[in-house]
2 protein chains.
Amino acid sequence: MTDSTAPLNIHIYTDPEFRQSRDFADERVLGIRDEFDGLAARIALSFSHDEASLNAALTDAEVLILVGSLDLADVAARAPKLRWIHITSAGVDRIPLDRLPEHVLVTNAKGNHEVRTREFSMTALLMLNNRLPDFVTQQREKRWAQTALEPIDGKTVVILGMGALGSGAARAAKHLGLKVIGVSRSGREHELADISMPQSELKTALAEADFLLITLPLTPETRHAVGAEELAAMPERGGVINIGRGPVLDVAALAERLEAGKLRGAVLDVFPEEPLPADSPYWTTRNLIVTPHSGLYDADYVPRCLRFFFANVERYLDDRPLENRVDTALGY
Amino acid sequence: MTDSTAPLNIHIYTDPEFRQSRDFADERVLGIRDEFDGLAARIALSFSHDEASLNAALTDAEVLILVGSLDLADVAARAPKLRWIHITSAGVDRIPLDRLPEHVLVTNAKGNHEVRTREFSMTALLMLNNRLPDFVTQQREKRWAQTALEPIDGKTVVILGMGALGSGAARAAKHLGLKVIGVSRSGREHELADISMPQSELKTALAEADFLLITLPLTPETRHAVGAEELAAMPERGGVINIGRGPVLDVAALAERLEAGKLRGAVLDVFPEEPLPADSPYWTTRNLIVTPHSGLYDADYVPRCLRFFFANVERYLDDRPLENRVDTALGY
């Protein structure tokens, strides 16, 4: 696809509204590029931080790195040479992929969250088992009630979504001695799951869940995949964790059960609306702990993400297959 | 010591003021006794739940199980046949041991906390590393600030007190990939510590601590073992955990550093005054998480405690050495 003499034209657009954009500073990107021998001579990098500059750059861009969100249908029309879009997050729900022309490849940052996924899953599971949601609520109420705890070893977690995040979560769960029920669209067996079930049997799986850990990406089919009915299928001792995407969980239904004491607690890293607005009722929901979309966000995320991208650029230049291709029909 | 024909006279006093007393119900004690073949015929068990009934029973008691606190000097004077007191907690600071006559043996529940110690230490270390104190404070303020996290693997924890609790904590820390600096009175080497130091060098150890985990028992020498000076020796990224006894840590000094942002966070399971009074300032101290003396308290604590005791009773009846003898001079 590339003219072997001209450098590959790569444009990096960082959405000024996106919280992580500051971490993708131009100099940082150039620094990582320079770690790759000879790459600087084979590519031409340009940057924009507003749509006007982006528009000017799109005429020539063959590759677009997207940090944040953008109306891609529009972009494709304005970028005649565009062949590849790389998205610097694991979830690609910010971008309407189905409006992209078919000749444009899409890749994402799947797998970049592995270490953090394991550690944060372990943290959240232990917090639920050690009644931290309850204790934090008591602390807000200035109330001291000593509570007997149970060992986590031998309890059961249902992991909803067995992709990259689900695998990391499952690894954490096995490490803690949990029984893992892996629930995925297909229900196909997974090496880290003791039992695998299709999403159509989610409620059956939840009946024996001490913990539900949600890792699903957001697609039209996963919106409110966990709603009032699914939560009602869980035992009262159950706890809920969401590290996937906010709208996958019906937070209003969860809050209702938590307030009624029908679930033991929740640790939510993601919400349907982020940042959670100051007047949201979820800040003070009983036994609900809010972590501000930080669980999987580590200090090394951006350099690792850029290293992955430039390694993929080398593959592209050498006509090898790209890693982390996104299926634009499935949305992940 | 025992008349081989008469049953051993064992009296169980449960302090009505003590929060865990309800878990030592008479029937529960008898149920556990009956798990031991032939033991019912060799012992005579009696129970009291107030000091008047206790007084009547003390005339004949050779063994006293103490659940909660009691003025032991007084008890010894009133119990001429008393030879052994078993205390159902690991800490024996509620009881002035130095006022006991020398012929009275004391045993405690050391080691009964092992599983919980490991799990709660792991929970608290992960919570600090994943900025939960910060996030819980933000939640109280209805504030959302996404924060990059770091892997816990390779960080350093100073464990103060390398007895039964310290060993459990060290096991948890090694499991998480932490470097362990074990600090004890003697500074003697410990198989789970990468480095061992005497308490006189605590401040040196703290200079490189990402986490300080306190497990010390309360003795006259350990009161405020961690005070303003020790906390000032820690880096600002440091976090503090106390699962030992409240007065070992100067909580006022800790709160001051937390409020000033000079430490990253704390998870405190124990306090100088328990229950923490409703008007305590520590309920709302910035980046301080309160767990109500529950971290090491598990649902199986009491049955396990009683099984340990009755196994010791069999040793006593057979003239074998008792396990978990407390050194009444050292206080642990």
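Below, read A as the first sequence line, B as the second, and so on, with proteins coming before strands; counting in each chain starts at 1.
Of residues 167-177 of chain A, those residues lying under 4.5 Å from chain B by any heavy-atom pair are A/H175, A/L176. Heavy-atom neighbours of chain B within the stretch residues 121-130 of chain A, taken at a separation under 4.5 angstrom, comprise A/M122, A/T123, A/L126, A/M127, A/N129, A/N130.
The contact between A/V290 and chain B is made by backbone and side chain atoms together, counting heavy-atom distances below 4.5 Å. For A/A145, the part sitting under 4.5 Å from any heavy atom of chain B is the backbone (N, CA, C, O) and nothing else. Only the backbone of A/R143 comes within contact range of chain B, judged by heavy atoms closer than 4.5 Å.
Across B/R118, B/R131, B/E141, B/E274, the residue that shares the most heavy-atom pairs under 4.5 angstrom with chain A is B/E274. Comparing B/F135, B/Y301, B/W283, B/F120 by heavy-atom pairs within less than 4.5 Å of chain A, the highest count is held by B/W283.
Between A/I289 and B/L132, some side-chain heavy-atom pair lies under the 4.5 Å cut-off. Looking at heavy atoms from C-beta onward, A/P292 lies in side-chain contact with B/Q138 at the 4.5 angstrom threshold.
Residue B/K142 holds its NZ atom at 5.0 Å from OG1 of A/T284, rounded to the nearest 0.5 Å. Note: A/Q146 CD to B/T291 OG1 = 10.0 Å, rounded to the nearest 0.5 Å.
Within 6.0 Å of atom CD in A/E256, 12 or fewer heavy atoms from other residues, nucleotides or ligands are found, so the atom counts as exposed in its surroundings.
Between B/Y282 and A/Q139, the shortest heavy-atom contact is O-NE2, 4.0 Å. B/R140 approaches A/R140 most closely through the heavy-atom pair CG-CG, 4.2 Å. Between A/D298 and B/A148 the shortest heavy-atom distance is C-CB, 3.9 Å. Residues B/P151 and A/V115 approach most closely at CB-CG1, 4.3 Å, considering heavy atoms.
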